[in-house]
Structures are given as C-alpha cells and as structure tokens.
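Here's the structure we're looking at; comments come further down.
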Number of protein chains: 2
Amino acid sequence: MAVPTGAATGRREQILTVAARLFAKHGFHGVSIADLGAAVGVSGPALYRHFPGKEALLAEMLVGISEHLLAGGRERAATGGDARATLEALVDFHLDFALTSPDLIVVQDRDLANLPPEPRRKVRLLQRTYVEIWVEVLREITPGLQPEAARIAAHGTFGLLNSTPHSGARGSTREVATLLRDMALTALTTLPAA
Amino acid sequence: MAVPTGAATGRREQILTVAARLFAKHGFHGVSIADLGAAVGVSGPALYRHFPGKEALLAEMLVGISEHLLAGGRERAATGGDARATLEALVDFHLDFALTSPDLIVVQDRDLANLPPEPRRKVRLLQRTYVEIWVEVLREITPGLQPEAARIAAHGTFGLLNSTPHSGARGSTREVATLLRDMALTALTTLPAA
DNA sequence: CCGCTGCGTTAGCGGGCGTTAACCGGCTAC
DNA sequence: GTAGCCGGTTAACGCCCGCTAACGCAGCGG
C-alpha cells in the first residue's frame, strides 16, 4: 500500500518505481519499453507479463498517486481538529509526499495528457476531489472566501509545495520542508475574505 | 520582440505560437511534424523551410522564453527603487507572463529534457541567472537569509505563480492575478532570517 | 526573357517503437 | 513424474515519425 517511491518488493512494484524515475527524467514518450526493461534488468517484452501495455502502466502509476493523495487528504481532514490544525496537517502531508517522491510529482502533472481517456478522467476526478478537501478547509479558515478563489489558492500552493524537483532540493530536506511549509501556511492564512 | 503568445505576424512566429499550443497540450514527442504543419495550414515538410528540425524549433522557443524572462527580470531589478518595490515588480512581471502565455510556461518546464544538450545548457544558464535576480532581492529584503534558502523560496514562488495553467484560471484574470500576487508577496516577505 | 530565390508540394527512405508470436526453463501441485 | 503456470527469451511485424529528395511555381532583378 506504500505508494511512495521506495524499495521495490515485487517485480510489478519495481517496474513502477523505475518507470517513475525514467518517465520523470525523459517523459513518457521519451522512454521506450526496451529502455524500461533494461533498467529493471530484464529486456523488452518481458514487461508484458506484468502490464497489458505501456499506457496501462502509466495509468496505474497516475491513478495510484491520486488515490494516495486523496486518501491521505481525507485522513487528515477527518480528524476533526480545528481548521488551522487540519490545514497544517494537509500541508505537511502533501509536502512529505512531494519530498519523498519527486519522480511521481513530476510525472503526475507532465504526463497526464498521455493517459487514455478513461483513466485520465478517473485521475482528474480524484484530483478534483482532493482539491475540494483543501477548499473546504480554506473556506473554514477564511470566512467569505469564494470557492473559486480557494481553488486557485490551493492549486497555487500545490505549485509551491511541488517545486522541490525544480530547485534541486539539495539543502537538508528538513530545512527545505520547514521553509516551504511556512511559506504555504503564511500565504494561506492571510487570504482576503472578500 | 514580443515573446508572449500573441497573433502571429510571419510564418515563423505563427509556427512557434501554434507549436507552443500543441506542445503544451500533447508534449513535444506527442506532436508530429505533420500535425504541426496541418495546424498552421501547410503540410508536413514545409516546416523545414523555416526551421532546420523539430528540436531546433523547440530550442528557439525555450531559449526565447528564458531570454524574455531574464530581460524582464533585469529591467525590473535595474530601476534601483527599494527592494520591496523591486520584488513587487518582479512578481507582477512574472505573473503577467504566466497569465499571458500559459502554453509557454507549460512547455518550458515540461520539455526542457527534450532539448539537445547545447541549447539545454543555455536555457539552464539563463534560468539560473534569472533566479539569481530574485535571490538578490530576497536577501536584500530579509537580511541573513541564506542563498540556498532564497533559491528554494524563489523556485517555490515560480511554482505558485505558474500554477494558473493547472487551475483552469477561469475567474477573471485580474482577480486571479491579485490573489496569487498577494500570496507570493506575503510568503516572500515573511521568510525567516535564520 | 531569363534565372534565382522563397515557399510550397508529394514520394520515399531509414529507423525506432509498441506489440505479438513462438519458444523455453524452472517451480509447484497432484 | 508429469502437467501446467509463471516469467523470462529472441524474432518479427507493422506503423509512425523525422527528415531528405525532387519537383513546381510565383515574384522579381537584371
């Protein structure tokens, strides 16, 4: 159930992990089945023993990401503490994911367009639901905040928190985390009520 | 000299504009030369009358973007007002670019990896120089701010400001702009001095 | 009038890709 | 011990793509 990029237990997990790394670096169309096979130590068509095709592999990866995010978001939102605490939990959760699995973050918003229509709609739905969790919390914190404004603020925050793959993120992870965390919380707790 | 996606004057400009739109939607490898030709009304190999190849086209697009950003950044930084005003100008400039040319924003950080080595290094250099402008201003505003922290904050802010393509950005552009502008400025002016 | 240049066209080549086919060795169940 | 699945292999097919070749034709300078 551990979605984050970690050590691979079975072949399927290993393939998904390696594929995430390669897709993040070269893009979906920039990685061939042969490349991917070579990277896991088998070669070429062996992958078809584990996935029905290249797009299905991408689909499983992206759906897994969105489901993981949504599940984590729901979990944090369900604790029922005050809204400010919930927001902090959401930020920490999202940031942890972004720092732990930068490959998945990159692939997530780069190769969504390469999904077949059906899984794409599924991912979009999951993402939208995830955003709505944030919107609810934000509107609880800032009364009068319009839903559309909250949505834009949430997307902006994702951009902020997901920026670590771009910045190299060399400094010790802990420091990066607290910096971005504080930036996000500061920005989100001073939204205009209008 | 107008880099932003606008009406196309000559064929070259038209091709670049259309290519930006298609690349943003389908990714560099997801758009064929034939697709691109069809989208501008000519077909296929006619593009080779204007660009030496597909990668060169991408290179010109990405180099143009980074040069535009760097030039705009330098311009704002050169006015010599106080740092806070400079920062506001930088945010406004970057945000205006992101809102005016969402296609270029998307292509910029998605297809950098598809550039041939030499233009890629050039783009990276331009980007790094652009970031350093922000870093200087941030460190002027927040004394004691470490360069690496400023860099991370700058990248995070770019992620925030560049998030509009993801959020659909339906609300009237002006409102989106002021919302993201305020979020960015709030976050950047409360960075820890440590 | 002639030829050059600019900008198109269609035909075709070469290579790479996703995918399928056919085959095969090693576990494990019965 | 043998049947069968599981997860590999190599060979090959068909498609699509980037790119080149060869040609055509309007416009214009001499």
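Chain A is the first sequence line, chain B the second, and so forth, proteins listed ahead of strands; every chain is numbered from 1. Heavy-atom basis, side chains included; hydrogens, waters and symmetry copies ignored.
Checking A:Arg124 against A:Gln127 by side-chain atom types alone, no donor-acceptor pair falls below 3.5 Å. Counting only N and O atoms by type, the side chains of A:Asn162 and A:His94 include a donor and acceptor under 3.5 Å apart.
A distance-only check finds no donor-acceptor pair linking the side chain of B:Arg84 to the backbone of B:Thr189 [under 3.5 Å]. Between the B:Ser66 side chain and the B:Leu62 main chain, a donor and an acceptor come within less than 3.5 Å of each other. Judged by distance alone, the side chain of A:Asp111 and the main-chain N or O of A:Asn114 form no donor-acceptor pair under 3.5 Å. Between the side chain of A:Arg120 and the main chain of A:Leu115, a donor-acceptor pair closer than 3.5 Å is present. At least one donor-acceptor pair under 3.5 Å links the side chain of B:Arg110 to the backbone N or O of B:Ala24.
DNA chain C lies under 4.0 Å from at least one heavy atom of each of the following residues of residues 50-60 of chain B: B:His50. Only B:Val42, B:Ser43, B:Pro45, B:Ala46, listed by number, bring a heavy atom of residues 33-46 of chain B to less than 4.0 angstrom from any atom of DNA chain C.
A:Leu112 and B:Val106 sit in two unconnected hydrophobic clusters of ILVMFWY residues. Membership requires side-chain heavy atoms under 4.5 Å apart, directly or through other members.
Atom CZ of B:Phe28 is separated from atom C1' of D:dG18 by 10 Å (rounded to the nearest Å). As rounded to whole Å, 17 Å separates atom P of D:dA22 from atom OH of B:Tyr48. One interatomic measurement links the two molecules: CZ of A:Arg12 to P of D:dC6, which rounds to 13 Å at whole-angstrom precision. Between the P atom of D:dG18 and the NE2 atom of B:His29 lies a distance of 9 Å, rounded to the nearest Å.
Partner of B:Glu60 under the salt bridge (Lys or Arg N to Asp or Glu O under 4.0 Å) criterion, out of B:Lys122, B:Lys54, B:Arg12: B:Arg12 alone.
Classification of the A:His68-A:Phe93 ring pair by plane angle, with boundaries at 30° and 60°, yields tilted.
First and last contacting nucleotides of DNA chain C toward chain A (any atom under 4.0 angstrom from a heavy atom, 5' to 3' order): C:dC17 to C:dC23.
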